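Heads up: the structure comes next, in structure tokens.
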Amino acid sequence: MFVKLFQMDADITSIIEPLNEAQREAVTTASVPVLVLAGAGSGKTRVLVHRIAWLIQVEGVSPLSILAVTFTNKAANEMRGRIEDLLGIPAQGMWVGTFHGLAHRLLRMHWQEAKLQQNFQILDSQDQLALVKRIIKGLELDESRWPHKQAQWFINARKDEGVRPQNMDDGGDPVQRQLIRIYSAYHAACERGGLVDFGELLLRALEVLRDNKALLAHYRERFRHILVDEFQDTNTLQYSWLRLLAGDKIPVFAVGDDDQSIYGWRGAKIEHIQRFNKDFSETQMVRLEQNYRSTGTILSAANALIANNEGRLGKNLWTDGQEGELLQLYTAFNEQDEARFVGERVRTWVEQGGRRDDIAVLYRSNAQSRVFEENFIAMGIPYRVYGGLRFFERAEIKNALAYLRLTANPADDASFERVVNQPPRGIGARTMELVREQAQVDDSSLQQAAQQLLAQKRFTARAGNAVAGFLQLLQKLSEEIKSLPLHEAVEHINSQSGLLEHYGKEKGEKGQSRVDNLHELISAARGFHFDEAIHGEMSPLDAFLAHAALEAGEGQGEAWEDCVQMMTLHSAKGLEFPLVFLTGMEEGLFPHQMSLEEPGRLEEERRLCYVGITRARQQLILTCAERRRLHGTDRYNLPSQFVGELPNELIQEIRPQIPRSVGRFMHKPQPSHQRFAVEDDFPLQLGDRVAHQKFGEGVVTSCEGNGSHARVEVQFDQSGNKWLVLAYANLERLSA
DNA sequence: GCGACATTGTTTTTT
DNA sequence: ACAATGTCGC
């Protein structure tokens with residue numbers, strides 16, 4: 001007894017000691033729902049990990065009855081690793097994973113209850129888009145009137161709301177009616193092909209628990225504690241799933257930061273944080289406000305900026321560390337100059353003994369990276385760009401996987417379409433049209449339809465041969481790889497499908513890198529670990545295919561060289577760097593034009609800026625350009641209103657030495673502590689609606705010059721984009 | 001079926 | 001500007 005108590009004490013110490021007061025409070029609360037408002041850099045992952053350790057080692061909770069959910073695989077892996085480090089044992093049997101990963105696991109275990117095919121395959125968003133496109137074609141809708149992207153967005157939004165096509169009403173709206181038709185046909189195609197998209201994983205997982213009382217009871221019995229990371233990012237479906245699973249007995253431990261909610265545009269609802277206290281009873285709220293990352297100056301700037309948002313739960317970051325250096329602001333002439341400035345600062349940093357991978361160059365949109373890249377290359381500065389195409393999303397990889405999927409599930413029409421003529425084997429549009437038609441008539445898979453047509457000799461001789469060849473190939477492949485270990489199966493597919501040979505013939509570096517990637521796929525298969533706990537009774541092949549869809553892999557290979565890190569603000573969330581460049585701080589770019597139009601969006605942009613600022617540990621440098629070439633035309637942007645919202649005394653301005661260029665800017669009304677005096681009183685503002693005698697109505701999208709040289713760019717509703725000289729154009733202003 | 005031209009769309013990204 | 005599609009003629 002004594003020994004046991006002593007041991008327990010030791011465990012408690014290691015769990016509790018490294019924590020501050022607030023963290024400790026969160027980690028040790030009794031089993032009630034807890035909402036931890038964790039500011040940037042306040043040790044949120046640490047709190048989650050220590051909470052789990054606390055539950056297991058102090059409260060004696062079995063690891064088997066803990067469910068921990070994150071959004072990204074990276075976060076899930078990190079959490080798992082840190083739990084194992086802290087506990088010193090493998091986190092066996094613990095359900096730690098992403099919403100999608102856990103939903104997938106649930107559906108594989110209960111595919112019958114979920115009314116799925118046992119060998120269902122996962123569609124990633126690319127696959128989904130391709131399928132939607134085909135559905136629209138199949139319904140003989142005009143593709144220009146029914147953009148596939150919009151239809152995809154519609155379908156995903158409905159799934160997020162948990163709405164099925166059969167429960168929808170068009171309310172007499174013809175547009176709605178067609179969209180429902182598309183959704184409906186898409187859904188039917190998925191059902192027949194055994195295909196499940198990302199939204200479907202979540203929705204099915206919700207439905208299967210909701211509609212099976214016994215199953216729900218089982219899981220409520222099993223999971224006694226649920227922990228959620230990045231709670232502000234949950235969408236409606238994810239939140240409903242959590243609530244359903246938690247019922248009113250199981251305490252949810254949610255960690256999030258309303259100020260870092262930056263995914264509203266893809267369905268995340270910040271309101272879930274606010275609803276937490278209403279939806280769960282006897283909740284406890286803990287704020288983590290002590291920041292262990294940034295200097296006092298950086299935190300003051302962040303606090304001042306985010307104070308401009310309304311309806312916050314409220315939080316003020318503080319540190320007991322150094323005040324640190326001032327923020328710096330460089331107003332460049334143009335984007336070239338901006339890149340040059342950043343390059344020089346990188347050089348200085350390195351000369352002073354700093355590491356390049358301690359530096360991040362952040363920007364609002366990916367297109368901005370190019371100028372920086374070109375400049376870094378010219379200056380001989382190694383860099384790494386995050387984001388972009390990921391390994392399992394590459395065309396050659398998806399093609400090889402499609403062959404594999406067809407051997408696993410012959411009904412997978414999405415994969416059939418993908419590789420039927422890849423490499424080219426003489427099966428063209430005409431032939432496929434016939435096959436699709438037949439499939440529709442028979443309500444069968446494309447492969448079956450092709451078989452059918454072949455048997456009935458309904459192809460022309462040439463097409464028939466080609467189709468027969470393809471079907472035989474598929475047949476042969478699925479038989480041959482049955483007995484092979486996974487990586488040999490991949491190797492076999494690569495060579496026998498003709499893909500390898502095909503890409504080998506492709507000229508230039510592109511072909512070579514595709515061949516390399518196909519070889520890399522074999523290594524990925526060899527390195528893939530089948531985990532019985534996760535994959536259950538799936539075949540290794542199915543498990544690998546699911547893994548490929550759910551974990552798209554890295555964008556670029558591992559960088560061994562010490563290089564500058566470049567990424568969008570969105571992908572920087574969760575990371576930290578001693579030196580951060582926040583670039584392109586211009587109105588229209590950041591906040592982005594698209595977000596300026598709807599009111600709620602601006603606050604999200606501000607949160608994005610807040611995220612950017614709080615990435616910096618020691619020094620933060622802001623840059624903007626007076627003139628920027630975007631989509632082929634020069635724009636004269638004002639500095640971002642967010643720069644104006646930062647306290648003057650925290651900023652040191654570094655101005656170009658040469659006199660300013662001729663362009664004068666337009667302005668929007670800015671907060672009172674606006675730091676940029678705008679002297680002219682231009683009669684029009686960005687966003688104004690105007691009418692022109694010849695061109696009709698439009699919106700002012702940019703302005704330059706002043707007096708008699710003043711020009712505005714107007715995006716006309718009918719007549720496109722035009723630059724007009726105000727003195728002659730005789731524009732009529734319609735609204736502010 | 002393939003290469004040459006035209007058209008289009010350009011915020012953010014995970015799963 | 002520019003890349004990534006889509007269309008058209010051979």
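Owing to the predicted nature of the structure, the values given are computational and were not obtained by experimental measurement. Chain naming here is simple, since letters A, B, ... match the order of the sequence lines and numbering starts at 1 in each. Basis for what follows: all heavy atoms, side chains included, without hydrogens, waters or symmetry-related copies.
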Taking atom types as modelled, find out whether A:Glu338 and A:Gln336 have a side-chain donor-acceptor pair closer than 3.5 angstrom.
no
Please measure how far the P atom in C:dA4 lies from the corresponding atom in B:dT11, and state the result in whole Å.
15 Å
In whole Å, measure the gap between the P atoms of C:dT5 and B:dT12 for me.
15 Å
Base, sugar-phosphate alone, or nothing: which one does A:Lys573 contact when heavy atoms must sit under 4.0 Å apart?
nothing
I need the CZ-P distance between A:Arg430 and C:dC8, as an integer number of Å.
16 Å
Would A:His535 and A:Phe528 count as a close aromatic pair, with their ring centres under 6.0 Å?
yes
Knowing that exactly one of A:Asn465, A:Val420, A:Asn421 qualifies, which makes a side-chain contact (heavy atoms from CB on, under 4.5 Å) with A:Phe470?
A:Val420
Report, as a single string ordered 5' to 3', how protein heavy atoms within less than 4.0 Å touch nucleotides 8-15 of chain B: B base, S sugar-phosphate only, - not at all.
--BBBBBB
Across the strands shown, which category fits A:Ile427 at heavy-atom distances under 4.0 angstrom: base, sugar-phosphate, nothing?
sugar-phosphate
For A:Ala572, which residues count as a side chain to side chain contact (heavy atoms under 4.5 Å, CB included) partner, sequence neighbours excluded?
A:Leu362, A:Met567, A:Arg615
Heavy atoms from other residues, nucleotides or ligands near CD of A:Glu161 exceed 12 (cutoff 6.0 Å)
yes
With sequence neighbours left out, write down each residue that passes side chain to side chain donor-acceptor pair (under 3.5 Å) with A:Glu78, or none if nothing qualifies.
A:Arg82
